[in-house]
Amino acid sequence: MANQERDGYQPSSIEEKWQRLWEERGTNAFTVDELRSAERPFYNLMMFPYPSAEGLHVGNIYAFTGADVHGRYQRLLGRQVFEPIGFDAFGIHSENFALKQGTHPMDLIPSNVRNFTRQLRRTGGMFDWTHTVDTTDPSYYKWTQWIFLKLFEAGLAERKEAPVNWCPSCMTVLANEQVVGGECERCGTPVEQRRIAQWFFKITKYAQRLLDNLETIDWSETTKKAQSNWIGRSQGAQLHFPILDVTGANTTGQVEVYTTRPDTVFGATYMVLSPEHPLVDTVTRPEQAAAVSEYRDQAQKKDLVARQKADRTKTGVFTGGYCRNPATGRAIPVWIADYVLMEYGTGAIMAVPGHDERDFEFAETFDLPIVRVVAGPDEDADTPLAEAYVGPGRLVNSGPFDGTDVTESVRAVTAWAADQGWGEARVQYRLHDWCISRQRYWGPPIPIVHCPKCGAVPVPEDQLPVVLPRVEDFKPDDSGVSPMARVAEWYETSCPSCGGDARRETDVSDTFLDSSWYFLRYPSTDFDDRPFDPEITKSWLPVDTYIGGNEHAVLHLMYARFITMVLKDLGYIDFEEPFTKFRAHGLIIAEGAKMSKSKGNVIVPDPIIEEYGADTFRTYLMFLGPFEEGGDYRAEGIQGPHGFLHRLWDTVVSADPDATPDADVERKVHQTIKQVTEQIPELGYNTSIAALMECLNTVRSGGRTAARAEIEPLVVMVAPFAPHMAEELWERLGHEGGIFDGANWPSFDEAKLVEDTVTLAVQVNGKLRGSIDVAKDAAEADVIAAARADENVARHLEGTTERRVIHVNGRLVNFVVQ
RNA sequence: GCCGGGGUGGCGGAACGGUAGACGCGGCGGCCUCAAAAGCCGCUGUCCGCAAGGGCGUGCGGGUUCGAAUCCCGCCCCCGGCACCA
């Protein structure tokens, strides 16, 4: 507190004053008219928080401040900046917390939201509090349900029984994205496989577009890479292998395999089906039936951890059946093994042990034939294989293709297979359809009614929202159905189509569906009768800049892009990428380590704001390190920005309004304007603040009194970081109406940047030996003469033979001698 | 294993191929003070030297260049994404 008494700068009263005035004047709020008439709209978005009971985390404040600085800068450039905030309050987080505390999420969330709102206001963000969103509000999730209906109508939502990831601890189905290394992302419990009827969104239909569009958007490289890895496009061929009957003379069907190396098909000496493959029963011969069935049971019991993470020792069993390799015409044995996954490709592979590491290992284990079909530079068709050879080379033992280079053989062999009718080129994606069903309570009910006669019937739009009722017993159980399935008075309904007795869908939808479209809602929260107003959406979207954490690089961002594409295809909006520019902020650690309660290094924002003010806190957070990389929060470090803001305050309030600016100081100011103007839009906040500090040091050097003209640009440039203080100083400088509407971002004058004299480094053979001051336009000969004259330089030149002299204007002189 | 991003003082971090370490923290010394806090001024990569000055320094080893933290080649380590994905 004592800190606030000093020099007349009192953050607490100033911050309270301006937060109040912003509110009263509607400084950051848009009316519908303003939204409709904005001429230079800038939609500045940050990832909305989940309102936890613990309150706002420094990580949140860091992210929001970085985004807010960006928004405030755009505003000082004259844009109308819409900067909304909201709450992503549905989901397992809150539900589990409520269960633990013995409270109800419907009581918990509003109080958390109130607390978050209070904390967010104190941080000085430029939020439009008249356009907030709460995903748990029926007026919001009405439209989340509407989106489901639109996908359903478009055939992009389907219900199918599918093996799903089941978390036995959370007692719910998880999306693939929520399974990390075979464990539940949330609680770390090994995930089990179950077969349940689920709703899926067909995001795989959009795989290629989601991949291609990455080229067109301004996103950080890391994020784009994470997305393309997740989509996981691979190019290869689907080949058809005929199944042979006992005699080996007739075929009884065929097995489809997917391979990225169709060129090695001559080396396919056996085939492996996934244990869950539907053709296993067809292929298996009676004498192997017992072994096969035992292996399948075993595989099914293994959870995903055991199956995917284990030591990867190959196991498997022979089915007794054979296929014909369509390239060689030979019969090859069919095995089942759990290293082949049903979820990828066709769930069956042609095994080429000579040129695939896994197949090689399997063949070694079970003594299956290994044939070389690719020879490297120093090898031929008979060179023995000690391990799978996956390098470059030419085909061998491959009939008509012998001698073909592997790079061209992929296409050649595929074409040949297509010609003969046993294969075709195929593109495969790793991306799976999005399972949106959750057997939980705390989410928007999926707006479907199951009718014994009509099947799955969508709830008519005019009956939305399907309101989630308050249910006291919302604890999930192991039954695989939602707690809502215990509430007969809710799920018992009539079919919207035939009027007969029917049952509501009792699952709720994934939280990621809530957050896949919230940015569309923000500017249109004034309307109850439409999810987003066409006119407003047209002028404000897509989002200009989106800032958020990289933990959402795959899930949230992918879903938001998908939903946006669908809405575009359905004609509701005219753009297909929601976020023109996305930047991920870094992570804040504290005292050199990740924040954790056990380490006792968790930063609690409230007391810091109490003691130093939000402006100092914001400035320090932005000063810690490059915004996109994060930084290490050290408690003492805040003294730097704290002192800086106090000195700035002192300098400004004691500035001489009539003094003419000093030429050197003015030059520094112009250099600073240039630097900050270049760095701020690139989120170079730490260096911008450093430049402002340096400039202030120059302004104050020798204890001089600043001229007003020198410091006014500084006040504007500091405004994105310390908005309250900047407002107050702006007012004290005699301006009316607020800095964010009244001030223009300062411009610099190229002519004022250049120094009259410059200091050059003088090197001898690249080693620094002295420095000289010369006039900025001095002739080269004079510069070199001056360099030569430097005492220390002269000493190093003595007794040497000069080979070359390099003079880089304004930089250095280098004597190359021998 | 594949794909990104990194490795710079005691610490956080700056550096269009051109004076490495800006800015800040911490430390040391000084001013102010009865004293402390706050503030202000100076010093602060490291080694040798009284100094002038010099040697060494950006993960390691090479290379290109008058000149490399920066470019190239080969390694090591850290962070993140994907991973029995055929």
Side-chain angles (χ1 to χ4, degrees), chain A residues 2-3 5-7 181 220-232 234 236 257-261 264 272 307-310 312-314 337-341 343-352 356-359 361-362 390 428-430 550-551 553-554 584 586-587 589 591-592 620 623-626 628-641 643-644 646-647 650 684 686-695 697 700 702-703 759-771 791-792 795 803-817:
Chain A
N3 290 329
E5 303 305 323
R6 180 178 125 203
D7 354 284
S220 41
E221 207 48 45
T222 349
T223 315
K224 289 205 274 190
K225 213 67 209 180
Q227 294 236 327
S228 69
N229 282 348
W230 190 259
I231 296 168
S234 91
V257 301
Y258 173 71
T259 176
T260 53
R261 293 294 305 276
T264 61
V272 186
R307 183 152 165 190
Q308 287 183 10
K309 216 162 74 175
R312 299 196 170 174
T313 313
K314 298 289 177 291
D338 65 6
Y339 82 95
V340 175
L341 310 172
E343 312 87 77
Y344 187 77
T346 59
I349 60 159
M350 64 173 204
V352 184
D356 180 281
E357 283 160 23
R358 296 150 303 181
D359 296 345
E361 198 195 317
F362 191 83
V390 293
Q428 176 68 38
Y429 302 93
R430 211 198 65 99
N550 235 334
E551 68 274 17
V554 182
L587 207 71
I589 59 170
E591 312 296 332
Y620 182 43
F623 184 62
L624 284 178
E628 292 179 70
E629 285 166 39
D632 185 5
Y633 190 101
R634 304 213 169 227
E636 333 84 62
I638 200 167
Q639 296 304 337
F644 165 64
H646 274 90
R647 285 191 294 277
D650 288 350
N686 58 330
T687 48
S688 292
I689 294 167
L692 292 170
M693 287 173 166
E694 217 178 309
C695 186
N697 291 345
R700 289 168 60 89
T759 306
L760 300 194
V762 185
Q763 301 179 331
V764 177
N765 281 347
K767 280 202 187 293
L768 181 69
R769 297 303 178 189
S771 64
E791 206 183 324
N792 199 41
R795 247 199 20 242
R803 295 290 179 203
R804 259 175 95 178
V805 181
I806 286 154
H807 172 223
V808 182
N809 214 349
R811 289 280 179 188
L812 54 53
V813 177
N814 186 13
F815 294 98
V816 185
V817 300

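We name chains A, B, ... by the order of the sequence lines, and we start the count at 1 in each one.
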Subject >> Pairing partner of B:rG21 (Watson-Crick or G-U wobble, both distances under 3.5 Å) >> reply: none
Original post:
Should the ring pair A:Tyr339 and A:Phe362 be called parallel, tilted or perpendicular, given that the plane angle runs from 0 to 90° and is split at 30 and 60?
Top reply: tilted
Subject >> Pairwise C1' distance for B:rC11 and B:rG21, with rounding to whole Å >> reply: 13 Å
**OP:** Would you mind telling me which of B:rG26, B:rG18, B:rA14 lies closest to the side-chain atoms of A:Thr687?
**Re:** B:rA14
Subject >> More than 12 heavy atoms of other groups within 6.0 Å of A:Glu357 CD >> reply: no
Original post:
How close or far is atom P of B:rG54 from atom NZ of A:Lys767, stated in whole angstroms?
Top reply: 10 Å
Original post:
If we take the P atom in both B:rG67 and B:rC77, what is their distance in whole Å?
Top reply: 32 Å
**OP:** Please tell me which of the listed nucleotides, B:rC84, B:rG24, B:rG18, lies nearest to the side chain of A:Asp338?
**Re:** B:rC84
Subject >> Whole-Å gap separating P (B:rG53) and CG (A:Leu768) >> reply: 11 Å
**OP:** Write down the distance between OH (A:Tyr429) and C1' (B:rC85), rounded to a whole number of angstrom.
**Re:** 15 Å
**OP:** Ignoring hydrogens and angles, tell me if any N or O in the side chain of A:Asp632 forms a donor-acceptor pair with the backbone of A:Glu591 under 3.5 Å.
**Re:** yes
Subject >> Separation between CZ of A:Arg261 and CD1 of A:Ile349, rounded to the nearest 0.5 Å >> reply: 14.0 Å
Subject >> Base-pairing mate for B:rC75 - Watson-Crick or G-U, with both contacts under 3.5 Å >> reply: B:rG59
**OP:** May I ask you to say what A:Gln763 touches in the nucleic acid, namely base, sugar-phosphate or nothing, with a heavy-atom cut-off under 4.0 Å?
**Re:** base
**OP:** Measure from the side chain of A:Tyr339, starting at C-beta and using heavy atoms only, and say which of B:rC16, B:rC40, B:rC84 lies closest.
**Re:** B:rC84
Subject >> Sugar-phosphate, base or nothing in reach of A:Asn550, heavy atoms under 4.0 Å >> reply: nothing
**OP:** State the syn/anti category of B:rG9 according to its glycosidic angle, syn meaning within 90° of 0.
**Re:** syn
**OP:** Please determine, for the side chain of A:Glu636, which listed nucleotide (B:rG26, B:rA14, B:rG53) has the closest atom?
**Re:** B:rG26
**OP:** Compare the minimum distances between each of B:rC84, B:rC25, B:rC23 and the side chain of A:Glu694, then state the nucleotide with the smallest one.
**Re:** B:rC23
Subject >> Nearest-neighbour nucleotide for the A:Asp356 side chain, B:rA86, B:rC66, B:rG18 considered >> reply: B:rA86
Subject >> Out of B:rA86, B:rG18, B:rA20, whichever nucleotide has its closest atom nearest the side chain of A:Arg811 >> reply: B:rG18
**OP:** Would you mind classifying the nucleic acid contact of A:Ser228 as base, sugar-phosphate or nothing, using non-hydrogen atoms under 4.0 angstrom?
**Re:** nothing
Subject >> Closest listed nucleotide, where the reference is the side chain of A:Val816 and the choices are B:rA86, B:rC66, B:rC3 >> reply: B:rC66
Subject >> Whole-Å P distance, B:rC78 and B:rC23 >> reply: 34 Å
**OP:** Give the rounded distance in Å between these two atoms: CZ of A:Arg803 and C1' of B:rG67.
**Re:** 18 Å
Subject >> Pair A:Ser234-A:Tyr258, side-chain donor/acceptor within less than 3.5 Å >> reply: yes
Original post:
How long is the line joining CZ of A:Arg647 and P of B:rC41, in whole Å?
Top reply: 8 Å
Subject >> Distance test, side-chain N/O of A:Tyr258 to OP1/OP2 of B:rA86, below 4.0 Å >> reply: no
**OP:** Tell me what A:Ile349 touches on the nucleic acid: a base, only sugar-phosphate, or nothing, going by heavy atoms under 4.0 Å.
**Re:** base
Subject >> A:Glu221 CD to B:rG6 C1', straight-line distance once rounded to whole Å >> reply: 15 Å
Original post:
In the strands shown, is B:rA14 matched to any nucleotide by a Watson-Crick or G-U wobble pair with both distances under 3.5 Å, and which?
Top reply: none
Original post:
Considering heavy-atom distances to RNA chain B, does A:Lys225 or A:Arg769 have its closest nucleotide positioned more toward the 5' end?
Top reply: A:Lys225
Original post:
Considering only side-chain heavy atoms of A:Ser234, which listed nucleotide, B:rG12, B:rG81, B:rA86, is closest?
Top reply: B:rA86
**OP:** Check every strand shown and say whether A:Ser771 touches a base, only sugar-phosphate, or nothing at a heavy-atom separation below 4.0 Å.
**Re:** nothing
**OP:** Would you kindly give the CG-to-C1' distance between A:Asp632 and B:rC23, to the nearest whole Å?
**Re:** 17 Å
Subject >> A:Phe623 ring center within less than 6.0 Å of A:Phe644 ring center >> reply: no
Original post:
Which nucleotide, B:rC66, B:rG4, B:rC40, lies nearest any side-chain atom of A:Thr222?
Top reply: B:rG4
Original post:
Nearest nucleotide by nearest heavy atom, which residue falls closer to the 5' end of RNA chain B, A:Thr346 or A:Asn686?
Top reply: A:Asn686
Original post:
Is any side-chain heavy atom of A:Ile589 closer than 4.5 Å to a side-chain heavy atom of A:Tyr633?
Top reply: no
Original post:
Is a donor-acceptor contact shorter than 3.5 angstrom present between the side chain of A:Asn814 and the base of B:rC66?
Top reply: yes
**OP:** Decide if atom CD of A:Glu636 counts as having more than 12 heavy atoms of other residues, nucleotides or ligands within a radius under 6.0 Å.
**Re:** yes
Original post:
Rounded to the Å, how far apart are A:Leu812 CG and B:rG18 C1'?
Top reply: 4 Å
Original post:
Looking across every strand, which nucleic acid part, if any, lies under 4.0 Å from A:Asp359 by heavy atom: base, sugar-phosphate, or nothing?
Top reply: nothing
